[in-house]
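The next block holds one structure in the form of structure tokens; read it before the comments.
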Amino acid sequence: MAGFDGLPDKRWSLRGTTEEGDEAWVIRAISRKLYRCPSCHGDIEIGSEHVVVQYIFRLGGTEHHHWHRRCAEEGLIGELSQVQRVPASESSPSRLQDRGRYPSGRRRHR
Ligand SMILES: [Zn+2]
């Protein structure tokens with residue numbers, strides 16, 4: 001994926017679309033507890049920089065996972081379509097939860 005090296009970072013998150021048509025937001029995070037990366041099944045140590053992948057389903061609802069940045073770059077971001085960078089302020093957990101409350105057809109467009 002060209003053009004997104006080093007992203008997401010503090011200022012920018014990424015948003016793309018999965019094959020199923022769901023939104024996938026990729027957001028920089030610092031871990032506050034031990035997480036297990038769904039890609040390599042390795043630990044993400046407390047206090048380490050990593051990425052949160054937050055899905056917002058077309059039919060409503062959300063789900064998120066913690067990934068190593070490198071695993072997300074190699075195994076996830078490249079499979080998304082329409083990837084664009086979005087200000088990190090738009091990807092706060094509360095905003096994304098809110099966005100997942102309704103099916104995408106009924107979502108307010110911004
Ligand atoms: Zn990993």
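The figures here come from the full heavy-atom set of this structure, side chains too, leaving out hydrogens, waters and symmetry mates. Both counts, for ligands and for their atoms, begin at 1 and track the order of listing.
- Screening the protein for N, O or S atoms under 2.8 Å from the Zn ion (ligand 1) yields 4; no waters enter the count.
- Hydrophobic clustering, with ILVMFWY side chains joined whenever heavy atoms are under 4.5 angstrom apart, keeps Tyr35 apart from Val26.
- Applying the salt bridge (Lys or Arg N to Asp or Glu O under 4.0 Å) test to Arg70 and every residue at least two apart in sequence or in another chain returns nothing.
- Within the 3.5 Å criterion, the main-chain N or O of Pro8 finds a donor-acceptor partner in the side chain of Arg69.
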Checklist line | Chi angles and distances behind the salt bridge (charged side-chain N to carboxylate O under 4.0 Å, His left out) call for Arg28, Glu49 | finding: CA-CA 7 Å; Arg28 174 194 177 271; Glu49 185 186 70; 2.7 Å; yes
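- Taking the six-membered ring for Trp and the full ring otherwise, His66 and His68 have centroids separated by 6.0 Å or more.
- Counting heavy-atom neighbours within 6.0 Å of Glu19 CD, excluding the residue itself, gives a total of 12 or less.
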